[in-house]
Amino acid sequence: MDILPITPHLGAEVIGVDLSQPLSNEDFSAVHQAFLDWSVLVFRDQQLDKDQHKNFARKFGKLHVHPMYKQRTEHPEVLIVKTTADSAYTAGDGWHTDVTCDEFPPMGSMLYVTETPECGGGDTLFADMYLAYDLLSDEMKRMLEGLTAVHDGAIPYVGSYKSVPPEGGYPRNEHPVVVTHPETQRKVLYVNSGFTSHIKGLKPNESRAILEMLYRHISATPRLVARVQWQPNTLTFWDNRCTQHHAVWDYYPHSRYGERVSIIADTRPAA
Ligand code: SIN
């Protein structure tokens with residue numbers, strides 16, 4: 001197995017693994033270590049059906065069912081990520097971390113793209129939230145460390161995607177603004193413009209100002225970012241505990257199709 005970094009700190013292509021086959025313990029350990037080292041792993045030329053995709057994901061934990069999922073199908077854990085000329089939006093078209101409104105948000109997500117736009121484009125940007133935290137001043141780190149933020153599923157799912165909430169509403173949960181990655185023990189900036197509604201205990205204008213400053217820090221710091229260019233049959237596996245991502249919808253009216261499987265974290269995000 002070869003690991004080819006995409007940037008010096010975030011993202012790597014993994015060469016020489018066939019994800020349709022069960023991984024040996026040795027290969028699993030190497031993929032797991034690469035996941036911790038690079039946070040975003042790209043596997044090209046994979047031929048996977050839904051069961052093989054889920055089997056690979058299950059190596060990392062229990063599978064997640066998306067809160068917007070409604071139909072009864074054979075594969076409720078497979079989220080279809082499809083954009084066509086008729087789409088009103090493309091999923092994930094803004095900086096976010098997947099489903100942080102959940103009490104136990106997904107630790108990772110695996111998107112398997114089988115159709116890329118004819119005109120090119122449709123890349124996904126990833127941002128390194130370890131580095132986003134590290135680049136803050138010591139004073140700002142100290143201030144953020146005691147704070148807790150509210151993450152609300154209604155923001156994207158109702159506000160952006162106009163879906164009808166399930167009975168009882170979409171999940172809404174609190175997580176620390178700075179969390180510790182449970183495996184690497186490194187600190188991570190853990191607020192995102194997709195889901196975070198406000199910081200608890202602050203006045204609305206204070207919360208808004210701090211969140212806007214942090215979101216600007218993410219969007220205005222190119223060195224945080226790795227860009228994944230998809231080819232048909234690419235699977236990308238990202239660590240939601242230390243990254244954000246942004247789908248780029250630059251290919252209208254062309255189409256793109258992928259299937260995403262996410263893995264539930266077995267611990268809540270914690271400081
Ligand atoms: C997502 O947010 O999971 C979608 C990412 C993408 O389609 O590139």
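Both ligands and their constituent atoms are indexed starting at 1 by order of listing.
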query = So, does Ser87 use its side chain to make a donor-acceptor pair with the main chain of Thr84 at under 3.5 Å?
reply = yes
query = Got a sec, which residues hit side chain to side chain contact (heavy atoms under 4.5 Å, CB included) with Asn173, two or more places apart in sequence or on another chain?
reply = Glu103, Pro171, His175, Arg268
Side-chain donor-acceptor contacts of residues 10-20 below 3.5 Å, not counting sequence neighbours, with atom names and distances?
| residue | atom | partner | partner atom | Å |
| --- | --- | --- | --- | --- |
| Glu13 | OE1 | Arg44 | NE | 3.2 |
| Glu13 | OE2 | Arg44 | NE | 3.4 |
| Glu13 | OE2 | Arg44 | NH2 | 2.9 |
| Asp18 | OD1 | Ser20 | N | 3.0 |
| Asp18 | OD1 | Ser20 | OG | 2.7 |
| Asp18 | OD2 | Ser20 | OG | 3.3 |

task = Return the protein residues near ligand 1 (heavy atom under 4.0 Å from any of its atoms), ordered by chain and residue number.
result = Val81, Ala91, Gly92, His96, Asp98, Leu111, Thr124, Trp238, His245, Ala247, Arg256, Arg260
remark   = Taken in chain and number order and not counting sequence neighbours, the residues that satisfy side-chain hydrogen bond (donor to acceptor under 3.5 Å, both in side chains) with Thr236 are none
task = Say whether Tyr257 and Thr83, considering side chains only, have a donor N or O and an acceptor N or O under 3.5 Å apart.
result = no
ask   = Is it true that a side-chain atom of His181 and a backbone atom of Thr184 form a donor plus acceptor pair closer than 3.5 Å?
value = yes
